[in-house]
Amino acid sequence: MRARALAARRLDLIPLRADHADEMAGVLADPALHAFTGGTPMSPGALRARYARLAAGSPDPAVVWGNWVLWLRAEGRLVGTVQATIAPARDQAELAWVVGTPWQGRGLATEAARALAAWLTELPVGRLVAHIAPDHHASSAVAAACGLAPTPHREDGEIRWEYHRA
């Protein structure tokens with residue numbers, strides 16, 4: 001199983017490559033993007049090394065990493081990422097998303113996450129999961145728009161959201 005290009009209404013989800021790092025370093029440069037996840041913006045070189053590791057795939061044969069950059073067609077540029085950590089034996093995928101600050105508030109994260117969730121449920125993956133900080137209302141809205149619901153489970157202070165295919 002490998003990530004393939006996906007399309008949404010305004011976005012193309014392109015499988016991540018190391019050469020996306022230079023443009024993405026600018027997209028992810030706002031320290032505010034790290035308020036809920038920790039860390040600081042990465043340099044283009046550090047991001048390139050990280051993207052090379054991610055594009056190479058998980059070292060665990062029981063896990064598949066899917067990572068995409070978000071290409072906003074109308075602007076002809078990258079604006080964020082989505083990812084899925086897929087565990088086929090557990091019938092589960094954990095989702096995450098980030099959209100650069102200048103492009104937030106337009107529904108792009110929701111659009112991208114929905115496209116990813118739809119692809120995953122077609123594979124099929126029965127359970128989608130996201131971990132979201134309790135005060136991160138924007139990410140909570142994205143998760144809800146993908147059909148995920150909060151659970152009582154907490155991990156590292158974050159709320160576990162889940163969707164189970166019937």
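Everything numeric here is computed off the predicted structure, so don't read it as measured data.
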(message) In this structure, would V129 and L120 fall into the same cluster of hydrophobic residues linked by side-chain contacts under 4.5 Å?
(response)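 Cluster IDs for V129 and L120 differ.
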
(request) Identify whether V27 and Y51 are in the same connected component of the hydrophobic contact network (ILVMFWY, side-chain heavy atoms under 4.5 Å). (result)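 Yes, because V27 and Y51 connect within a single hydrophobic cluster, where side-chain heavy atoms sit under 4.5 Å apart.
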
Got a sec, which residues hit side chain to side chain donor-acceptor pair (under 3.5 Å) with [X], two or more places apart in sequence or on another chain?
X	result
Q104	none
R160	Q92, E162
D12	R73

Please collect all salt bridge (charged side-chain N to carboxylate O under 4.0 Å, His left out) contacts where either partner lies in [range], sequence neighbours excluded, each pair once.
range	value
residues 18-28	R17-D19, D22-R48
residues 127-151	none
residues 49-71	none

(request) With the side chain counted from C-beta on, respond yes when L28 and P41 share a heavy-atom pair under 4.5 Å apart, and no when they do not. (result)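 Counting from C-beta outward, L28 and P41 never come under 4.5 Å.
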
(request) With sequence neighbours excluded, tell me which residues meet ring-ring contact (aromatic ring centres under 6.0 Å, His included) with H136. (result)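 By the ring-ring contact (aromatic ring centres under 6.0 Å, His included) rule, H136 matches F36.
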
(message) Just to verify, what does W68 make a ring-ring contact (aromatic ring centres under 6.0 Å, His included) with, not counting sequence neighbours?
(response)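 W68: ring-ring contact (aromatic ring centres under 6.0 Å, His included) contacts with W119.
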
Indicate the atoms forming the closest heavy-atom contact of [X] with [Y], along with that distance.
X	Y	answer
A62	P88	O-CD, 3.5 Å
A113	V142	CB-CG1, 3.6 Å
A21	P44	CB-O, 3.7 Å
A93	V125	N-CG1, 3.5 Å
P15	A3	CG-O, 3.8 Å
A115	A7	CB-O, 4.2 Å

Would you compute the distance between atom [atom1] of [X] and atom [atom2] of [Y] and round it to the nearest 0.5 angstrom?
X	Y	atom1	atom2	value
T37	I132	OG1	CD1	12.5 Å
W161	S140	CH2	OG	4.5 Å
L16	L13	CG	CG	11.5 Å
N67	L54	CG	CG	4.5 Å
I159	T151	CD1	OG1	8.0 Å
L33	T40	CG	OG1	12.0 Å

(request) Not counting sequence neighbours, which residues clear salt bridge (Lys or Arg N to Asp or Glu O under 4.0 Å) with R114? List them please. (result)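 By the salt bridge (Lys or Arg N to Asp or Glu O under 4.0 Å) rule, R114 matches no residue at all.
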
(message) Just to verify, what does E111 make a salt bridge (Lys or Arg N to Asp or Glu O under 4.0 Å) with, not counting sequence neighbours?
(response)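 With neighbours one apart ignored, the set is R10.
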
(request) Using side chain to side chain donor-acceptor pair (under 3.5 Å) as the criterion, point out the one residue from H153, E158, E94 that pairs with H131. (result)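 The residue from H153, E158, E94 that satisfies side chain to side chain donor-acceptor pair (under 3.5 Å) with H131 turns out to be E94.
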
Pairs of donor and acceptor atoms involving the side chains of residues 74-86, under 3.5 Å and at least two apart or interchain, shall be tabulated with distances.
{"residue": "E75", "atom": "OE1", "partner": "W103", "partner atom": "NE1", "Å": "2.9"}
{"residue": "E75", "atom": "OE2", "partner": "R106", "partner atom": "NH1", "Å": "2.8"}

Donor-acceptor pairs are to be reported for all side-chain atoms of residues 95-102 against protein atoms at under 3.5 Å, with residues two or more places apart or in another chain.
{"residue": "W97", "atom": "NE1", "partner": "S139", "partner atom": "OG", "Å": "3.2"}
{"residue": "T101", "atom": "OG1", "partner": "D30", "partner atom": "OD2", "Å": "2.7"}

(request) State whether the side chain of S43 and the backbone N or O of A46 hold a donor-acceptor pair below 3.5 Å, judged by distance alone. (result)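 Checking the backbone N and O of A46 against the side chain of S43, a donor-acceptor pair under 3.5 Å is found.
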
